[in-house]
Amino acid sequence: MVIRPRPNHIKNVLTPVGLKILQDELCANYKDFHYEKIRGRYVRHSDENEALQKCHEQLTTIAKQLFNSETLVPSYAFFAYYKRGATLPVHKDSNACTYTIDVCLYQNMPWDLLVEGTPYTLTPNEALAYYGEDQEHGRPKFPSPDGEVAMAFFHFVEPDHWYVNSGIMPNTENLES
């Protein structure tokens, strides 16, 4: 069992201009994105959005400091817009999420993020940095039928991670071959 430091709550993680760009490109257009019925959210991945990619690259320097790793590299990022009925059960990530920075882009009401049972309340342009593969995280029941919360998730790994080396999760079959 790996014991990790407590999550780091960061204020003003993005520049005001960077935050506005993500809000304008992602929050304003969420209805055009893929809807995940099981989670009650609209999603857009970084390979589908240049502004999200650029923000991910810019956050790499901050991530290296936060996680005390000069070698970490970006793996993937995505945007999620949560509405009525949204769910995020407590879990540990099994994808390329060794290091995670969750950034709140918009909300009309708070929806706590739980990490190792501790609630963290984020407001726009605040982030929580934690170890997604090692620390249990999730959210309680969505608090309001009229609630809306928009988040950007930025993930990082070490260069020897399977994601960097092969892009195929161990013990899974490559479905494209």
Side-chain angles (χ1 to χ4, degrees), residues 7-63 65-67 72-91 93 95-115 118-132 135 137-157 163:
N8 194 340
H9 188 162
I10 309 128
K11 296 182 186 286
N12 301 313
V13 68
L14 304 174
T15 66
V17 171
L19 177 64
K20 178 120 174 62
I21 289 170
L22 291 182
Q23 288 171 331
D24 289 350
E25 287 196 25
L26 299 170
C27 296
N29 298 305
Y30 76 89
K31 288 184 179 178
D32 295 335
F33 305 155
H34 173 70
Y35 182 70
E36 293 180 344
K37 186 175 183 178
I38 194 165
R39 295 278 176 254
R41 68 185 183 185
Y42 295 85
V43 296
R44 174 66 43 129
H45 290 271
S46 55
D47 61 354
E48 302 169 308
N49 185 273
E50 188 176 339
L52 199 55
Q53 286 176 3
K54 286 182 179 181
C55 187
H56 198 193
E57 291 166 12
Q58 292 169 352
L59 284 175
T60 302
T61 301
I62 293 169
Q65 294 169 355
L66 289 170
F67 296 108
L72 67 74
V73 296
S75 54
Y76 72 99
F78 71 99
F79 165 81
Y81 199 97
Y82 297 91
K83 293 187 73 146
R84 173 188 290 244
T87 63
L88 189 60
V90 173
H91 65 285
D93 295 323
N95 206 340
C97 310
T98 304
Y99 311 107
T100 298
I101 299 176
D102 290 356
V103 180
C104 180
L105 299 178
Y106 165 79
Q107 65 182 11
N108 67 359
M109 41 132 272
W111 188 29
D112 287 347
L113 174 61
L114 303 172
V115 179
T118 301
Y120 296 89
T121 303
L122 302 177
T123 60
N125 207 17
E126 291 185 355
L128 194 67
Y130 61 96
Y131 298 84
Q135 294 177 312
H137 56 281
R139 292 184 185 261
K141 183 179 177 183
F142 202 67
S144 167
D146 299 322
E148 296 182 5
V149 176
M151 300 289 297
F153 303 94
F154 300 95
H155 303 294
F156 305 86
V157 296
Y163 183 88

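All figures in this text were calculated on a predicted structure; none of them were measured in a lab.
By the salt bridge (charged side-chain N to carboxylate O under 4.0 Å, His left out) test, Asp47 is found to be paired with no residue, residues two or more places apart in sequence or in another chain being considered. For Asn8, the side chain to side chain donor-acceptor pair (under 3.5 Å) criterion is met by no residue, not counting sequence neighbours. With sequence neighbours left out, Gln65 forms a side chain to side chain donor-acceptor pair (under 3.5 Å) with no residue at all. Judged as a side chain to side chain donor-acceptor pair (under 3.5 Å), and not counting sequence neighbours, the contacts of His91 are Asp93, His137.
Minimum interatomic distance between Cys55 and Leu22 (heavy atoms only, all atoms of both residues): SG-CD1, 3.8 Å. Taking all atoms of both residues into account, the shortest heavy-atom contact from Pro143 to Pro110 is CG-O, 3.5 Å. Looking at every heavy atom in both residues, Ala63 comes nearest to Ile101 through CB-CD1, 3.9 Å. The minimum heavy-atom distance between Glu25 and Phe33, with the atom names listed, is O-CZ, 3.9 Å. Closest approach of Ala51 and Ile21 over heavy atoms only: CB-CG2, 3.7 Å. Residues Thr60 and Phe156 approach most closely at OG1-CE2, 3.5 Å, considering heavy atoms.
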Report all side-chain donor-acceptor pairs from residues 119-128 shorter than 3.5 Å, counting only partners two or more places apart or in another chain.
unit_1 : atom_1 : unit_2 : atom_2 : d
Thr121 : OG1    : Asp112 : OD1    : 2.4
Thr123 : OG1    : Glu126 : OE1    : 3.4
Thr123 : OG1    : Glu126 : OE2    : 3.1
Asn125 : OD1    : Leu14  : N      : 2.9
Asn125 : ND2    : Leu14  : O      : 3.0
Glu126 : OE1    : His9   : NE2    : 2.8
Glu126 : OE1    : Thr123 : N      : 3.2
Glu126 : OE2    : Lys11  : NZ     : 3.1

Review item, side-chain donor-acceptor pairs of residues 77-87, under 3.5 Å, at least two apart:
unit_1 : atom_1 : unit_2 : atom_2 : d
Tyr81  : OH     : Glu148 : OE1    : 2.4
Tyr82  : OH     : Arg41  : NH1    : 2.9
Lys83  : NZ     : Tyr30  : OH     : 3.0
Lys83  : NZ     : Glu148 : OE2    : 3.3
Arg84  : NE     : Pro145 : O      : 3.4
Thr87  : OG1    : Ile38  : O      : 3.3

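How far OH of Tyr163 is from SG of Cys97: 9.5 Å, rounded to the nearest 0.5 Å. Expressed to the nearest 0.5 Å, how far CE of Met151 lies from CG of Leu105 amounts to 7.5 Å. To the nearest 0.5 angstrom, Gln107 atom CD is 11.0 Å from Cys27 atom SG. Interatomic distance, CD1 of Ile10 versus CG of Leu66, reported as 4.5 Å (0.5 Å rounding).
Between Leu113 and Tyr130, some side-chain heavy-atom pair lies under the 4.5 Å cut-off. Side-chain contact check for His34 versus Glu48: every heavy-atom pair is 4.5 Å or farther apart. At least one side-chain heavy atom of Phe142 sits less than 4.5 Å from a side-chain heavy atom of Val149. Side-chain atoms of Leu72 and Val157, non-hydrogen and from C-beta on, never get closer than 4.5 Å to each other.
Arg44 places no side-chain N or O within donor-acceptor distance of the main-chain N or O of Asn49, the cut-off being under 3.5 Å. Remark: the backbone N or O of Tyr131 is paired with a side-chain donor or acceptor of Gln135 at under 3.5 angstrom. A donor-acceptor pair under 3.5 Å links the side-chain atoms of Ser75 to the main chain of His155, judged by distance alone.
Between His56 and Tyr76, the ring centre distance reaches or exceeds 6.0 Å.
Dense packing is recorded around CD of Glu36, with more than 12 heavy atoms of other residues, nucleotides or ligands lying under 6.0 Å away.
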